[in-house]
Amino acid sequence: MSDMAGKRTSAESDESSRKKAKKGDSDGDVYNPYLAHMDPSPDSPFSGMTRRQVTAEQISKVEDLSANAFTGVEHTQKYFQILQTRRELPVHKQRQEFLDKYHSTQILVFVGETGSGKTTQIPQYVVFDELPNITGKLIACTQPRRVAAMSVAQRVADEMDVKLGEEVGYSIRFEDKTGPKTMLKYMTDGMLLREAMHDHDMSRYSCIILDEAHERTLATDILMALLKQIASRRSDLKIIIMSATLDAQKFQRYFNDAPLLAVPGRTHPVEIFYTPEPERDYVEAAIRTVLQIHASEPDGDILLFLTGEDEIEDACRKISLEAEELTREVDAGPLAVYPLYGSLPPQQQQRIFDKAPPALRKGGRVGRKCIISTNIAETSLTIDGIVYVVDPGFSKQKIYNPRIRVESLLVSPISKASAQQRAGRAGRTKPGKCFRLYTEKAFKKELIEQTYPEILRSNLANTVLELKKLGVEDLVHFDLMDPPAPETMMRALEELNYLACLDDDGELTTLGGLASEFPLDPALAVMLISSPEFYCSNEILSITSLLSVPQIWVRPANNRKRADEMKAHFSHPDGDHLTLLNAYHAFRGQGSDSNMLKQWCHEHFLSFRHLSSADNVRAQLKRIMETHSLDLLSTPFEDKNYYTNIRRALLAGFFMQVGMKESSGKVYRTVKDHQAVLIHPSTVLRAEFDWVLYNEFVLTSKQYIRTCTGIRPEWLLEIAPTYYDLEGFEDGEVKRSLQRAAEKKRRKEAMKAGR
DNA sequence: GAGCACTGC
């Protein structure tokens, strides 16, 4: 079915590309003497090739030379072996077709299913056509994830027989593996966006390839809109949008009816089964299905998709228990069950690649493994050997409520595209089966086609700041593929205005420009930039880093009490931010031997992984501060204001995230949105504070505020006088309380003056 | 008295 649809779209676009090609012939490819230097010299391996007119045959000739055309080094035997396998990839058959289309247009949409070879091959074809060794301009290929950028770059460096980091490199946060000779650069989409902030025309590149565009990450969506704009002012820039879905028409339409090329994939067929009736309890149904497969289906590993850590651990236990029973009672083979989710330590994540267990006795049935995973196995991790997929049809998805400015996670039905992706996981090594725990009717009628792009489900404060820095003047008319709700945009603009990153006309302020230099949310960036005024930028730098990595506290289900006791050692009575700082200082005080540090973290129930990454982040943020001459200061530890200064500095960024205790007792109310919230049970904060600032608002079984620090109301009036201008405040407990604080402050000042 | 799907700069 997918093949047919692919052919249909490809035929349709053939015509439009022919029209464009004709147009190009008449006004584009006229001989231009000023570009003569762009032609390779007669003694070069590329002689006879004209940039952007190269043929597949010419490329093959150069590839077959005994020496590498780019480096002059003799090719290894391995190179020719790889070359052979490359020429068997589906995409290779259409190399000339690709080049023809690429020559005919500025923007090309390329659809290649899994196994087509698009990510490794297309950028190489472009290299031979663009001749970056002569123009000096780079070719970029973006990926949504770091590991992909790194591993694909390595693979392509091998294929081109060059050293990684020289002709072929990659660029991701914390690591730039490119050099002066680099022609082809794999990078994360976020990294290209960062670069664009300082080079609005992306002038270093002659061709930009956006890979995995169907994933619709925030960065990809912004890049698409940006590139669409840039394309109209830079006629020499070419763009390729690569996607895995059949939703290519949407990309084509968005890019002014850009031509399309579709290449089939190379996967095995997957048979789909639906349940005849809707399932009431999907976890129970999933467990039952896994056990049925184990008892009655031929060899092959199983992949089950569930939504989160708890659900997965629970299902693992139940399946293991029941499988043992099956082994005893009906002589089924052994079943090894492995959980898989993002917060699992890497060592345990690795176990999913273990071989399935052997038969228990000679002649007995062979074992299989069953992996129970979150969405991480849908895109980020690929496991070979999976033959059976069990798909209950749910995943946790981020949603944003602009009214109360809260992002939360909600278990929701997946999209058709997601269901297809999941099923595809069963056909990587041989034909497979996918058991969908919903009816065929539900699949057809109830599931949406595509998961909503991230841009429709996020707080956009950060995005809006980035866009301003990218030189986008008119946000309302900025041509995004899926424009977000106006209310979400308004909320973002409002927040940035309160943070003084945008002025009242919506223009970027000096502070806003500086804030956008940091890879942080605007509130964190503003807090960091303001911290020298509070004589504690070193400490705020540490806290900011700790807040931008996952929780450093480890709390295993079987050892919660001990973990809480260890955390108490670091606790500071004034709040969680200071507690984080204490733990970090203790960590840094342990020396640099990484084995010792790991041991120390283990004993103290701290995450070595996350503390180390906080260290990495800190170093990066520190460099940015130094570049912009922001002072790194500390109040002497003996000074009685050491901790007070830090608490006040926190408010410089988080003055909008403040709650006041209601007179009734435990419940706090957020100051502007009037939401009733509880302080999260993980807090170290004692009850005596009437006012707290919080790092995040979490919406789970109840409304919680998490990572809280006690503050004094008069600080709000000093540090954020505009936001806390009482004139504009609604009457109520909050306003009366702030008025009393203002009164107290005036009396104090009067007394000081009178003395 | 409880949670953190997944990425990215």
Side-chain angles (χ1 to χ4, degrees), chain A residues 142-149 171-176 187-198 212 215-223 305-313 340-344 373-381 394-399 407-412 414 418 421 451 453-455 457-458 462-463 465-466 469-470 515-522 524-525 545 548-557 560-561 563-564 607 610 613 616-617 620-621 623-624 666 678-685 696 698-707:
Chain A
T142 68
Q143 298 292 321
R145 282 168 293 281
R146 284 188 218 161
V147 265
S171 174
I172 58 176
R173 188 183 186 183
F174 304 127
E175 197 183 2
D176 180 10
M187 64 207 298
T188 46
D189 47 15
M191 200 69 204
L192 182 58
L193 208 51
R194 280 267 138 200
E195 277 188 11
M197 286 183 179
H198 294 108
E212 315 288 0
E215 288 193 28
R216 304 290 308 276
T217 66
L218 250 170
T220 298
D221 271 18
I222 297 168
L223 281 172
F305 286 99
L306 290 178
T307 66
E309 178 175 341
D310 283 354
E311 212 173 76
I312 287 170
E313 292 291 353
L340 176 63
Y341 43 87
S343 56
L344 207 63
S373 170
T374 60
N375 256 4
I376 195 167
E378 202 178 292
T379 46
S380 309
L381 269 169
F394 292 96
S395 72
K396 273 192 192 168
Q397 284 166 39
K398 185 173 75 179
I399 49 166
E407 283 181 352
S408 53
L409 287 172
L410 192 72
V411 173
S412 329
I414 59 170
S418 205
Q421 176 75 14
T451 312
E454 206 184 349
I455 200 164
R457 300 183 284 120
S458 309
N462 207 357
T463 304
L465 185 64
E466 275 172 10
K469 180 68 175 185
L470 285 161
S516 70
E517 295 286 333
F518 290 89
L520 293 170
D521 276 342
L524 283 169
S545 312
S548 37
V549 298
Q551 285 274 351
I552 60 166
W553 314 106
V554 175
R555 204 162 175 266
R560 289 193 179 147
K561 205 166 155 241
D564 290 349
S607 160
H610 299 149
S613 95
N616 247 338
V617 173
Q620 187 192 27
L621 298 178
R623 270 198 307 278
I624 301 173
K666 268 194 175 171
L678 294 170
I679 296 195
H680 197 272
S682 64
T683 193
V684 300
L685 203 62
E696 59 181 337
V698 287
L699 183 64
T700 52
S701 53
K702 293 182 183 124
Q703 299 200 107
Y704 289 108
I705 49 176
R706 190 164 55 189
T707 312

Tightest non-hydrogen contact, residues A/Glu309 and A/Ser343, listed as OE1-OG, 3.3 Å
Of A/Asp189 and A/Lys666, the one whose closest nucleotide on DNA chain B sits nearer the 5' end is A/Lys666
Quick tally for nucleotides 2-7 of chain B: nucleotides whose base has a protein heavy atom under 4.0 Å get B, sugar-phosphate-only ones S, the rest -, giving BBBBSS
Regarding A/Lys396 and A/Glu311, does a basic nitrogen lie under 4.0 Å from an acidic carboxylate oxygen? no
Check your understanding: Do the charged groups of A/Lys398 and A/Glu454 touch, with an N to O distance under 4.0 Å?
Key -> yes
Taken to the nearest whole Å, CE/A/Met187 to P/B/dG8 is 14 Å
Any side-chain donor near an acceptor of the partner, A/Glu378 and A/Ser418, under 3.5 Å: yes
Next item on the list: Answer yes or no: is there a side-chain heavy-atom contact under 4.5 Å between A/Ile399 and A/Ser408?
Entry: yes
In whole angstroms, the gap separating C1' of B/dC9 from CG of A/Leu223 amounts to 12 Å
Closest heavy-atom pair, A/Leu621 versus A/Ser545, reported as atoms and distance to 0.1 Å, is CD1-OG, 3.9 Å
Rounded to whole Å, CG of A/Asn462 lies from C1' of B/dG8 at a distance of 10 Å
In whole angstroms, the gap separating P of B/dG8 from CG of A/Leu218 amounts to 14 Å
(request) May I ask you to say what A/Thr188 touches in the nucleic acid, namely base, sugar-phosphate or nothing, with a heavy-atom cut-off under 4.0 Å? (result) sugar-phosphate
Here the distance between atom C1' of B/dC9 and atom CZ of A/Arg194, to the nearest Å, is 5 Å
